[in-house]
Amino acid sequence: MSGDGCPALPTDHVCWRHDDPAAFEAAARAFLTVGLAAGEELWFVTERDPAGAREWLAAVPGLADALRDGSARVVPLDGTYVDARVADPAAQVRAYAEATEAALAAGHAGLRVVAEATGLVRTPRQRVAFTRYEHLIDGYMRAHPFSAMCVYDPRELGAAAVAELACLHPAGNVDDVLFRLYAAGRGRTGLAGELDRSARDLLATALERAAPRPVDGRVVFEAGRLRFADHRCLQLLGEYARGLGAVAVLRGLPGVGVARLVDLLGLPGIRVEAAR
């Protein structure tokens with residue numbers, strides 16, 4: 001499902017570009033069916049008419065029963081997010097954490113959400129806040145039984161806005177996003193795909209929004225699925241870490257190309273480290 005060609009990345013946090021209704025419906029139903037089989041509570045968060053959304057979901061084998069017994073729900077977008085105008089990233093993570101705990105207390109294996117979230121990111125100010133939330137919730141998912149498919153419509157937002165969101169998800173169908181920056185757990189950040197010259201500006205935005213923090217003087221990037229990195233992007237990673245008084249560590253790089261480039265150029269603030 002990953003648009004960057006890395007199918008083994010975590011798939012519990014998916015960004016879906018909704019420009020093909022049939023493809024979206026198939027993907028959303030498949031995503032929810034996985035949760036149904038696992039015994040998770042299921043939410044479909046939407047601005048759609050609730051009755052129409054329930055009818056659509058009920059066509060999926062097993063979901064009609066889940067809708068009847070309450071283990072699957074259609075939830076209005078403005079009733080799910082703490083502030084539908086500009087997100088409070090930390091507050092929204094807490095809200096989903098509380099919902100996950102409630103699902104567990106009710107006997108479910110976790111919480112799985114398909115969220116049609118275009119209405120929350122229409123303005124640049126909204127996207128700044130929401131992309132920060134996306135990275136925070138990604139970190140929450142690494143340690144808790146919460147999964148989400150975040151759905152955005154490029155016909156309303158434009159391709160550039162969707163790219164800002166998609167690159168902060170570990171998986172999705174946005175093929176023109178070359179890299180993904182995502183939470184890797186235990187204070188680390190994952191990097192996958194390709195960081196070529198054209199990716200530099202988006203990478204700068206992603207770093208600013210995700211704001212990975214140093215641990216013991218190191219900002220660690222798990223880079224085992226980073227296929228290529230241009231020297232400009234490597235310089236940017238080093239500059240970002242140095243701005244925090246730290247060093248950027250690329251861990252687990254495949255091959256030797258990037259390691260040789262770092263050594264050849266003597267890039268400050270960045271080093272390559274074997275996977276542990």
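What you are looking at is a predicted structure, and each value in this text was computed from that prediction instead of being measured.
- Side-chain contact check for H169 versus V14: every heavy-atom pair is 4.5 Å or farther apart.
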**OP:** Evaluate the side chain to side chain contact (heavy atoms under 4.5 Å, CB included) criterion for residues F221 and L226: first the C-alpha distance (whole Å), next the side-chain angles of each, then the deciding distance (0.1 Å), finally the verdict.
**Re:** CA-CA 10 Å; F221 295 93; L226 184 65; over 6 Å; no
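- The distance from atom CG of L244 to atom CD of E239, rounded to the nearest 0.5 Å, is 12.5 Å.
- Here the side chains of V75 and V113 are not in contact, with every heavy-atom distance at 4.5 Å or above.
- Nearest heavy atom pair, residue V74 against residue A53, reads CG1-CB, 3.8 Å.
- The hydrophobic clustering, which links ILVMFWY residues whose side-chain heavy atoms are closer than 4.5 Å, places V249 and L237 apart.
- The shortest distance between side-chain heavy atoms of M141 and I137 falls below 4.5 Å.
- Closest of all the heavy-atom pairs between L63 and A72 is CD2-CB, 4.3 Å.
- A search for side chain to side chain donor-acceptor pair (under 3.5 Å) contacts involving D65 returns R68, not counting sequence neighbours.
- With a 4.5 Å cut-off on side-chain heavy atoms, V162 and V121 do not count as touching.
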**OP:** Dump the intermediate steps for side chain to side chain contact (heavy atoms under 4.5 Å, CB included) on L250 and L191, then the final yes or no.
**Re:** CA-CA 9 Å; L250 293 177; L191 269 176; 4.3 Å; yes
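- Between R218 and R271 the shortest side-chain heavy-atom distance falls below 4.5 Å.
- The residues D176 and R17 are annotated as salt-bridged, a charged nitrogen and a carboxylate oxygen being separated by less than 4.0 angstrom.
- In the hydrophobic clustering of this structure, L77 groups with Y133; members are Ile, Leu, Val, Met, Phe, Trp, Tyr whose side-chain heavy atoms approach within less than 4.5 Å, directly or through other members.
- Expressed to the nearest 0.5 Å, how far SG of C15 lies from CG of D138 amounts to 11.5 Å.
- Within the structure, salt bridge (charged side-chain N to carboxylate O under 4.0 Å, His left out) contacts touching residues 189-199 (residues at least two apart or in different chains) are E194-R227.
- Here the options are L202, L195, L168, the test is side chain to side chain contact (heavy atoms under 4.5 Å, CB included), and the partner is L181; only L168 passes.
- Here the closest non-hydrogen pair linking L267 and Q235 is CD2-CG, 3.6 Å.
- In this structure, E116 CD and F24 CZ are separated by 4.5 Å, a value rounded to the nearest 0.5 Å.
- Taking CD of E98 as the start and CG of L111 as the end, the distance is 12.5 Å to the nearest 0.5 Å.
- Although no hydrogens or angles enter the test, the distance criterion places no donor-acceptor pair under 3.5 Å between the side chain of R142 and the main chain of G139.
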Enumerate donor-acceptor pairs with a distance under 3.5 Å from any side-chain N or O in residues 28-43 to protein atoms, sequence neighbours excluded.
| unit_1 | atom_1 | unit_2 | atom_2 | d |
| --- | --- | --- | --- | --- |
| R29 | NH2 | W56 | O | 3.2 |
| T33 | OG1 | R29 | O | 2.7 |
| E40 | OE1 | R112 | NE | 2.6 |
| E41 | OE2 | W43 | NE1 | 2.8 |

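- Here the closest non-hydrogen pair linking G110 and A103 is O-CB, 3.7 Å.
- Taking CG from L67 and CD from E55, the interatomic distance works out to 11.5 Å, rounded to the nearest 0.5 Å.
- For E208, there are no side-chain contact (heavy atoms from CB on, under 4.5 Å) partners at least two apart in sequence or on another chain.
- Of the inter-residue distances, the one linking Y240 atom OH with L203 atom CG reads 10.5 Å to the nearest 0.5 angstrom.
- Every pair passing salt bridge (charged side-chain N to carboxylate O under 4.0 Å, His left out) that includes a residue from residues 123-132 is listed here, sequence neighbours excluded: R127-E164.
- A donor-acceptor pair under 3.5 Å is formed between the side chain of R180 and the backbone N or O of A166.
- Within the 6.0 Å centre-distance limit, the rings of F146 and Y96 are counted as a close aromatic pair.
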With a cut-off of 3.5 Å and sequence neighbours excluded, list every side-chain donor-acceptor pair involving residues 149-160.
| unit_1 | atom_1 | unit_2 | atom_2 | d |
| --- | --- | --- | --- | --- |
| Y152 | OH | E134 | OE2 | 2.4 |
| D153 | OD1 | R155 | N | 2.9 |
| D153 | OD1 | R155 | NE | 2.9 |
| D153 | OD2 | R155 | NE | 3.4 |
| D153 | OD2 | R155 | NH2 | 3.1 |
| R155 | NH2 | H18 | O | 3.2 |
| E156 | OE1 | R122 | NE | 2.9 |
| E156 | OE1 | R122 | NH2 | 2.8 |

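- Nearest heavy-atom pair, F179 versus V177, reported as atom, atom and distance to 0.1 Å: O-CG1, 3.0 Å.
- Across every non-hydrogen atom of A87 and P89, the tightest pair is O-CD, 3.3 Å.
- More than 12 heavy atoms of other residues, nucleotides or ligands lie within 6.0 Å of CG in D69, so this atom counts as buried by the packing criterion.
- Hydrophobic clustering, with ILVMFWY side chains joined whenever heavy atoms are under 4.5 angstrom apart, groups L236 together with L253.
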